[in-house]
2 protein chains.
Amino acid sequence: MPASKTSGISILLVDDHPVVRQGYRRVLEHQGDFRVVAEADNAADAYRAFKTHTPDVVVMDISMPGASGLEAIRNIRQRSSSARVLVFSMHSEAALVKAAFGAGASGYVTKSNEPTVLIEAIRSVVRGEHAMSDDVAHALAMESLTPSGSVLDQLGEREIEILRQLAAGSTTEEIAANLNLSMKTVQNYHYLIKTKTGMRTDAQLVRLAVECGLTSL
Amino acid sequence: MPASKTSGISILLVDDHPVVRQGYRRVLEHQGDFRVVAEADNAADAYRAFKTHTPDVVVMDISMPGASGLEAIRNIRQRSSSARVLVFSMHSEAALVKAAFGAGASGYVTKSNEPTVLIEAIRSVVRGEHAMSDDVAHALAMESLTPSGSVLDQLGEREIEILRQLAAGSTTEEIAANLNLSMKTVQNYHYLIKTKTGMRTDAQLVRLAVECGLTSL
DNA sequence: GCGCAGCTCGGGAAATTTTCCCAACCAACC
DNA sequence: GGTTGGTTGGGAAAATTTCCCGAGCTGCGC
């Protein structure tokens, strides 16, 4: 690409751990043509940073406290449908992957991969392609073979997001604020999730979420 | 004790995410006097790597699949009581911190901190000091305001039993039946446990119970 | 285009639970 | 013998859960 803008690929890094971000930054900038133009540690800042910098690609960890990455992806894509978001997560559960792509992600790579996989994925999504690491593809493939894979498949994107935050320990009020919903809606989802999954207490819901990799410990 | 070591601080990195490890490595080696002499992605490999390299310090994420980091710390310290292990974790729960120091860790820093904090902590533990980041200290301090050690120590026999069953997913009705109590009493305990432990949702209660080893998964 | 299905979002209202306060019993302990 | 603390529950107001409902939207097939 002969310089219409500065040559190279501009990147917005989103992850809630500063050291981890710093690490990625070094790994990525080690590639000569990558430039990390901004960082963010939460969904709201990510959106703001995207608006001011309009990076070629957003590399984002979706398991963050508060409003999740899914929300940020949706916001970003709503603002600019040409935006490229590459999810960079610890989890490879099919439901999470689906939710991410459903929200508008262009790629999904887990942290279990070597840096080269991440780098290649970034180049792919910048070219407008979709990308996912082998383990993610494997999880998705496995899941599509079984008619009733995970319990999470019966849940929609919103339901999964709310389940994740519930299991993380957020209150109804916090979730409503995080997702810009009324408490009533969150309560309704909470109830709906319980009936859909057959769980009868919130404790069972937490265990389910942990089992499905929606949240850790 | 070979003085063969070239100058500088030799480090063993333990974390189950390759990209994350790669990132740390770059951040650390950016300091001129740090040398990452080995990496490991699980507890067993960490112990093996420690035996062969005898690094000045082990920087370890304790939330790994399989055998936990705690076990690795214990093994390492058992082999060499002069070994220095710095825990580098996502979590700052008091119970986890205590468990880590109990297992023989020399320091505890969360990933929420800036890289400089990690770097300073490494220098501290190499000097033989103990180190922990502010957020960890804060969590410990908060927790130690209660006259007891573990959060569980402030709970009575009945309260612990009911917490265990709640976290296991039992309903109020089931617990009442199990313990031959009225539902009202169980509800009162449920409430009391939440206020005593400071947890605000049942989900937080489950996580607390799991952290304290009251229940698994 | 048109209907259908499914997700999202919330209102309503009754049933239930949570939240706090309280009293009583019993055992241990100074 | 009084005090402390764990245990057991009642009561009543506040809040949540439960279920049902409708409306807007999107995608899909006919």
Side-chain angles (χ1 to χ4, degrees), chain A residues 67-68 70-75 77-78 81 95-105 148 150-167 169-206 208, chain B residues 146-148 150-167 169-206 208:
Chain A
S68 95
L70 291 181
E71 200 57 21
I73 296 175
R74 221 175 277 111
N75 290 338
R77 294 279 303 182
Q78 188 169 2
S81 59
L96 262 187
V97 177
K98 284 183 177 178
F101 279 105
S148 76
S150 165
V151 193
L152 296 185
D153 295 345
Q154 41 189 328
L155 300 183
E157 205 180 298
R158 257 299 96 139
E159 287 157 346
I160 288 187
E161 175 56 25
I162 286 173
L163 170 56
R164 197 188 63 74
Q165 295 199 34
L166 281 172
S170 302
T171 64
T172 300
E173 204 169 359
E174 288 164 352
I175 297 174
N178 285 338
L179 301 180
N180 267 106
L181 297 175
S182 75
M183 280 178 56
K184 187 71 230 255
T185 300
V186 175
Q187 287 172 345
N188 279 337
Y189 272 116
H190 189 162
Y191 170 71
L192 195 60
I193 291 166
K194 278 207 269 190
T195 57
K196 273 193 178 181
T197 59
M199 299 295 114
R200 281 159 59 258
T201 69
D202 286 357
Q204 292 172 0
L205 232 36
V206 173
L208 177 72
Chain B
T146 65
S148 53
S150 164
V151 191
L152 294 187
D153 295 347
Q154 55 188 318
L155 299 182
E157 188 75 25
R158 271 274 116 127
E159 288 158 345
I160 288 191
E161 177 57 24
I162 287 173
L163 171 56
R164 205 186 56 71
Q165 295 198 34
L166 281 172
S170 303
T171 64
T172 300
E173 202 170 359
E174 286 164 354
I175 297 174
N178 287 340
L179 302 180
N180 269 107
L181 296 175
S182 74
M183 279 179 59
K184 188 70 229 255
T185 300
V186 176
Q187 287 172 343
N188 279 337
Y189 272 115
H190 190 162
Y191 170 71
L192 194 62
I193 292 166
K194 277 206 270 188
T195 58
K196 273 193 178 181
T197 59
M199 300 295 114
R200 280 158 57 255
T201 69
D202 286 357
Q204 293 173 358
L205 230 37
V206 173
L208 176 73

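Residue numbers start from 1 in every chain, and the chains themselves are labelled A, B, ... in the order their sequence lines are given, proteins ahead of strands. Just so it is clear, the structure is predicted and the values come from calculations on it, not from any experiment.
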Between P on dT26(D) and CZ on Arg74(A), what's the gap in Å once rounded to a whole number? 14 Å
Between dG5(D) atom P and Glu157(B) atom CD, what is the distance in whole Å? 17 Å
Distance check needed: dA15(D) P versus Gln187(A) CD, whole Å only. 12 Å
Could you check how far CD1 of Ile160(B) sits from C1' of dT7(D), rounded to whole Å? 15 Å
Mind checking what makes side-chain contact (heavy atoms from CB on, under 4.5 Å) contact with Ile160(A), not counting sequence neighbours? Ala95(A), Leu152(A), Leu155(A), Leu214(A)
Take atom CD of Glu174(A) and atom P of dT16(D), then tell me their distance rounded to the nearest Å. 12 Å
Quick one: Leu155(B) CG to dG6(D) P, roughly how many Å, whole number? 10 Å
Arg158(A): side-chain contact (heavy atoms from CB on, under 4.5 Å) partners, not counting sequence neighbours: Glu71(A), Arg74(A), Leu179(A), Leu181(A), Tyr189(A)
Residues forming a side-chain hydrogen bond (donor to acceptor under 3.5 Å, both in side chains) with Glu159(A), sequence neighbours excluded: Lys196(A)
Of all residues at least two apart in sequence or in a different chain, which pass the side-chain hydrogen bond (donor to acceptor under 3.5 Å, both in side chains) check with Thr197(B)? none
Looking at residues at least two apart in the chain, or sitting in another chain, which of them share a salt bridge (Lys or Arg N to Asp or Glu O under 4.0 Å) with Glu174(B)? Arg200(A)
Sequence neighbours left out, what passes side-chain hydrogen bond (donor to acceptor under 3.5 Å, both in side chains) with Gln165(B)? Give chain and number order. Glu161(B), Asn178(B)
What integer distance in Å separates Glu161(B):CD from dT7(D):C1'? 14 Å
For nucleotides 9-11 of chain D, which of its nitrogen or oxygen atoms have a protein nitrogen or oxygen under 3.5 Å away, and what is each distance?
residue, atom, partner, partner atom, Å
dG9(D), OP2, Ser182(B), N, 3.1
dG9(D), OP2, Ser182(B), OG, 3.2
dG9(D), OP2, Thr185(B), OG1, 2.4
dG9(D), N7, Asn188(B), ND2, 3.1
dG10(D), O6, Asn188(B), ND2, 3.1
dG11(D), N7, Lys184(B), NZ, 3.3
dG11(D), O6, Lys184(B), NZ, 2.2

Nearest heavy-atom neighbours spanning Ala203(B) and Gly169(A): CB-CA, 3.9 Å
If the condition is side-chain contact (heavy atoms from CB on, under 4.5 Å), which residues does Ala105(A) pass it with, not counting sequence neighbours? Ile73(A), Val87(A), Ala100(A)
Take the C1' atoms of the five end pairs on each side of the helix from dG1(C)-dC30(D) to dC30(C)-dG1(D), derive the two axes, and give their angle rounded to 10 degrees. 30°
If a pair satisfies salt bridge (Lys or Arg N to Asp or Glu O under 4.0 Å) and one of its residues is in residues 176-191 of chain A, list it, with sequence neighbours excluded. none
What is the first contacted nucleotide of DNA chain C and what is the last, in 5' to 3' order, if contact means an atom lying under 4.0 angstrom from a heavy atom of chain A? dT8(C) to dA13(C)
Considering all heavy atoms, the nearest Thr172(B)-Met183(B) contact: CG2-O, 3.9 Å
Starting at atom OH of Tyr191(B), determine the distance to atom P of dT16(D), rounded to an integer number of angstrom. 14 Å
Residues which pass side-chain hydrogen bond (donor to acceptor under 3.5 Å, both in side chains) with Ser182(A), listed by chain and number, not counting sequence neighbours: Thr185(A)
